[in-house]
Amino acid sequence: MKSGLTLLQAVLAVVAGGTALFGLVGAAISADAELLLTLAFGFGALTLARFVWRPISFWLDGVAAALIALTLVWALPRGTVMPGHYWFGMVSAWAFAWLFVDQLSAAIRKGTVPRQAMGLLIPAVFGVSLLVMWEIVTRGANVPPVLLPAPSAIGAQLANSAPILWADFVQTFVKSVIPGYIIGCLAGLVVAIAVDRSPFLKAGLLPIGNFMSALPIIGIAPIMVMWFGFDWQSKAAVVVAMTFFPMLVNTVAGLNAASSIERDLMRTYAANYWQTLLKLRLPAAGPFIFNALKINSTLALIGAIVAEFFGTPVVGMGFRISTGVGRLAIDLVWAEIAVAAVAGSAFYGVIALIERGVTFWHPSVRGGRA
Amino acid sequence: MSVTSINSSTTGTGVALPVVEAEHLGLTFSTNDGDVVALSDVNLTIEKGDFVSFIGPSGCGKTTFLRTIADLEQPTSGTLRINGQTPENARKDRAYGYVFQAPALYPWRTIEKNIALPLEIMGHSAQQQAERIKRTMDLVNLTGFEKKYPWQLSGGMQQRASIARALAFDADLLLMDEPFGALDEIVRDHLNSELLKLWDRTKKTICFVTHSIPEAVYLSTKIVVMSPRPGRVTDVIESNLPRERPLDIRETPEFLAIAARVRDGLRAGHSYEEVM
Ligand SMILES: Nc1ncnc2c1ncn2[C@@H]1O[C@H](COP(=O)(O)OP(=O)(O)OP(=O)(O)O)[C@@H](O)[C@H]1O
Ligand SMILES: [Mg+2]
């Protein structure tokens with residue numbers, strides 16, 4: 001193709017440039033169009049030249065996306081529903097961003113753009129696009145903040161209530177999630193090893209573990225509060241109950257992951273049970289164990305937050321969310337959700353990083369032949 | 001059929017126990033779709049210092065026989081003694097080193113750590129480990145690959161690493177299941193003569209599975225020809241070639257005569273299959 005694009009990219013380029021052109025026309029005939037927005041539309045419309053003149057660098061698409069998005073946000077604060085050309089701008093910015101990312105990832109695959117720096121750019125573009133769209137839709141369409149506040153409002157709330165949010169974070173994440181996670185995962189691991197060793201325990205404990213995992217958190221949380229009190233101990237107990245079973249089943253499966261020839265080898269050395277466990281079966285179970293650790297990292301946070309709905313001292317992320325909804329302090333609720341999302345993703349990310357370091361040998365990590 | 005080797009004079013006493021002694025040995029696998037007779041009425045005596053090759057068509061029970069010696073399979077009939085003991089006790093004595101048909105290296109360990117595995121389990125000191133790793137890696141020409149992981153090596157290199165691992169702890173009996181199957185002709189020649197030298201120097205007993213007639217004749221003091229369905233020994237050929245064997249011995253008439261006999265034995269096994 002003359003423009004050097006794939007079919008998808010060509011379609012995106014037409015949509016992006018075309019909507020920018022419509023936006024330009026709309027802005028030109030409307031009385032109170034923002035000058036900067038009109039200029040950004042002009043820039044976007046110019047990219048259509050790639051079809052008649054010559055291919056253009058994909059960085060220009062990135063610039064067009066950024067320009068249109070920025071001017072859209074800049075043109076926002078009016079308190080009314082925005083006019084038609086404005087929405088063309090949103091579609092255009094979105095199409096430009098997609099086009100940019102698509103070409104960027106192709107360039108990374110071809111090796112013309114360094115992988116390390118750019119691997120971060122793509123998720124960043126995604127994230128920023130999402131935030132910008134959210135901001136534009138909530139404010140441009142005048143959505144009531146009770147339904148969905150704009151990201152800028154949530155951001156302001158984050159900054160204003162930092163001490164409250166920090167105290168909640170410490171209460172929920174540091175005091176409940178971390179200890180509960182560690183105890184639950186360790187217990188799951190140890191019980192899995194015991195279960196694996198004895199068929200008697202396997203028959204007895206696996207069904208109990210299964211039963212525990214089937215208990216709804218809504219059911220166990222109040223009971224844990226009665227048993228362990230209002231403070232973080234009861235939340236940690238809920239987290240233990242939630243993380244135990246995924247670790248148990250995954251480890252039991254993982255301990256059988258070593259191939260029969262790998263076990264035969266240990267047998268020819270007359271290795272004892274513990275040698276076989278430490279030098280073969282646990283390392284081979286590594287990918288399964290990390291799978292459980294990753295699942296549990298998200299389960300633990302959910303468990304702790306939901307458990308706080310059922311009685312807590314006047315601090316904690318779950319407490320803040322449940323009372324915030326009641327008091328219509330929606331911005332604070334969303335700020336708390338943002339903190340939870342960041343903490344949860346960071347937790348998951350750390351586990352995933354450790355996994356890459358420990359199970360580097362597994363084909364799924366090193367990306368080679370088995 | 002019971003065959004005793006003439007090449008049994010490596011121990012001074014003269015009354016040494018045979019290393020492997022199989023009498024009417026049989027092994028039947030029960031599978032979902034019926035029984036598979038992998039070994040039937042195998043009689044074989046392997047003396048200390050023998051180099052025995054097992055040759056026969058695919059599926060004739062060579063691997064099964066080696067695994068039975070190694071106490072990885074249990075015979076369903078007959079008796080099997082290793083160094084005068086049950087296979088289980090021999091295994092617990094760490095009487096043998098086993099080279100599997102596949103390399104079976106642990107992917108989370110580097111090559112040197114893989115070779116160190118049996119040494120760790122058997123409680124060798126760190127210094128002993130380092131010395132043995134160096135010696136055996138040298139022997140299989142893998143020096144320089146100590147810190148590589150198995151999946152960074154070619155299949156042939158992996159197989160050589162697994163040979164080094166079996167040699168590292170110096171068992172008197174070596175069970176090798178097609179160890180050189182994945183290697184090119186030149187490396188194979190090299191390792192063949194290295195193995196012969198090692199055998200001559202250390203007086204080890206070696207059981208060696210191969211599909212190559214020249215390799216079997218070149219290496220062995222005794223060639224066991226097997227045939228399938230049911231797996232059994234059809235011929236045991238004593239080789240009178242000298243212990244010292246340069247590679248060009250493979251062109252001598254004596255060598256070719258033995259090779260012809262092995263070939264005839266294999267043919268007979270195959271025609272039996274057609275009659276069934
Ligand atoms: N675990 C098992 N269960 C059932 N049958 C088996 C098992 N192991 C081997 N067999 C059967 O026993 C027979 C002998 O197998 P074996 O692996 O000993 O052959 P082989 O001589 O080593 O062949 P190859 O040269 O292909 O390695 C085959 O028919 C095989 O299908
Ligand atoms: Mg085999």
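Owing to the predicted nature of the structure, the values given are computational and were not obtained by experimental measurement. Here is how names work: the chains are called A, B, and so on, in the same order as the sequence lines, proteins then strands, and each is numbered from 1. When reading the values below, keep in mind they use all heavy atoms of this one structure, side chains included, and skip hydrogens, waters and symmetry mates.
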Between B/L175 and chain A, which part of the residue has a heavy atom less than 4.5 Å away: side chain, backbone, both or neither? neither
With a 6.0 Å cut-off (strictly less than), is the heavy-atom count around CZ of B/R135, excluding the residue itself, greater than 12? yes
Considering all heavy atoms of both residues, which atom of B/A104 and which atom of A/L265 are nearest to each other, and what is their separation? O-CD2, 3.9 Å
What residue, out of B/F100, B/Y149, B/Y106, has the most heavy-atom pairs lying under 4.5 Å from chain A? B/Y106
Can you give me the closest heavy-atom contact between B/I121 and A/Y269, atom names plus distance? CD1-CD1, 3.9 Å
How far apart are the closest heavy atoms of A/W361 and B/P107, and which atoms are they? CB-O, 3.2 Å
Please state whether the side chain, the backbone, both or neither of A/A284 comes within less than 4.5 Å of a heavy atom of chain B. both
Between B/A166, B/P118, B/A171, B/A95, which shows the greatest number of heavy-atom pairs under 4.5 Å with chain A? B/P118
Heavy-atom distance under 4.5 Å to chain A: side chain of B/D71, backbone, both or neither? both
Do the non-hydrogen side-chain atoms of B/R91 and A/T268 ever get within less than 4.5 Å of each other? no
Please identify, among A/E262, A/R267, A/M266, A/Q275, the residue contributing the most non-hydrogen atom pairs under 4.5 Å to chain B. A/R267
Pick from B/R67, B/R165, B/R109, B/M122 with the largest number of heavy-atom pairs that fall under 4.5 Å of chain A: B/R165
Would you say NZ of A/K294 has more than 12 non-hydrogen atoms from neighbouring residues, nucleotides or ligands within 6.0 angstrom? yes
Just checking A/F200: does its CZ atom have more than 12 heavy atoms from other residues, nucleotides or ligands closer to it than 6.0 angstrom? no
What do you reckon, is CZ of A/F360 surrounded by more than 12 foreign heavy atoms closer than 6.0 Å? yes
